[in-house]
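Comments concern the structure below.
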Amino acid sequence: SLLASIMPIFKPDEFLLNILPKKRLLGIDHGTKTLGIAVSNSDWTIATSVSTIKRNKLNSDIKQLISIFDQYQITGLVMGWPLNMDGSVGPRCDSVRDFIISLLSIVDLPVLLQDERLSTMAVERPMINEDLSRKKRKLRKDYLAASWILQTALDGLQKRM
């Protein structure tokens with residue numbers, strides 16, 4: 001596909017061959033208004049929520065990401081891939097793909113797309129059970145979803161190592 005020919009997006013086994021061991025991975029939950037950010041530990045076993053970047057102009061968003069790459073010594077990206085519930089690719093995937101193309105024109109990092117279906121539900125349910133207000137849930141949802149996306153990818157990668 002055209003996407004594969006212009007971008008270093010890998011299947012999990014290829015991704016493992018293209019990232020530096022003992023460095024961290026960054027998980028991103030790409031939303032229209034925010035980017036949820038999570039970082040792995042260097043053993044790739046635990047994902048930790050880091051922050052939420054309020055979306056602005058693309059260049060500003062990318063600058064903020066690059067400072068996070070440098071701060072945490074990021075060696076690869078795990079991007080949430082927002083498939084439709086039936087598994088088909090929709091307009092939200094197009095938006096994520098366009099963002100990745102822009103990002104990779106500036107930084108050279110391998111990317112793994114992680115199915116993010118049900119991520120919001122997975123992180124919202126415990127918050128509802130804890131009786132957090134809608135406002136508090138909204139503030140936490142994006143970076144918790146990034147952590148869930150990254151943790152799901154880490155669990156899958158661990159099985160391949």
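Everything numeric here is computed off the predicted structure, so don't read it as measured data.
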With sequence neighbours left out, the residues meeting side-chain contact (heavy atoms from CB on, under 4.5 Å) with Lys54 are none
Verify, without hydrogens or angle tests, whether Gln114 (side chain) and Ile149 (backbone) share a donor-acceptor contact under 3.5 angstrom. no
Tell me every residue that passes salt bridge (Lys or Arg N to Asp or Glu O under 4.0 Å) with Asp94, counting only those two or more places apart in sequence or in another chain. Arg97
Assess the residue pair Ser95 and His30 against the criterion (side-chain contact (heavy atoms from CB on, under 4.5 Å)); give the C-alpha distance rounded to whole Å, side-chain angles, the decisive distance to 0.1 Å, and a yes or no. CA-CA 9 Å; Ser95 175; His30 179 277; 3.3 Å; yes
Would Glu14 and Arg160 count as a salt bridge (charged side-chain N to carboxylate O under 4.0 Å, His left out) if you check the C-alpha gap in whole Å, the side-chain angles of each, and the deciding distance to 0.1 Å? CA-CA 11 Å; Glu14 297 167 324; Arg160 293 178 150 78; over 6 Å; no
Hey, are the side chains of Leu35 and Phe99 touching, using non-hydrogen atoms and a 4.5 Å cut-off? yes
Does atom CD of Gln73 have more than 12 heavy-atom neighbours from other groups under 6.0 Å away? no
Identify which one of Leu112, Asp115, Val96 satisfies the side-chain contact (heavy atoms from CB on, under 4.5 Å) criterion when paired with Trp81. Val96
When Val50, Leu25, Ile37 are each screened for side-chain contact (heavy atoms from CB on, under 4.5 Å) with Tyr72, the one that passes is Val50
From CA spacing to verdict: side chain to side chain donor-acceptor pair (under 3.5 Å), Thr45, Asn41: CA-CA 7 Å; Thr45 53; Asn41 61 350; 2.9 Å; yes
Minimum heavy-atom distance between Pro82 and Arg92, given as atom pair plus value: CB-NH1, 3.3 Å
Contact check, side chains of Leu26 and Leu65, non-hydrogen atoms, under 4.5 Å: yes
Testing the basics here: between Phe15 and Phe10, what is the closest heavy-atom pair and its distance to 0.1 Å? N-CB, 3.4 Å
Can you check whether Phe69 reaches Leu77 side chain to side chain, under 4.5 Å on heavy atoms? yes
Checking Ile106, Asp61, Ile74 against Ile66 for side-chain contact (heavy atoms from CB on, under 4.5 Å), the one that qualifies is Ile106
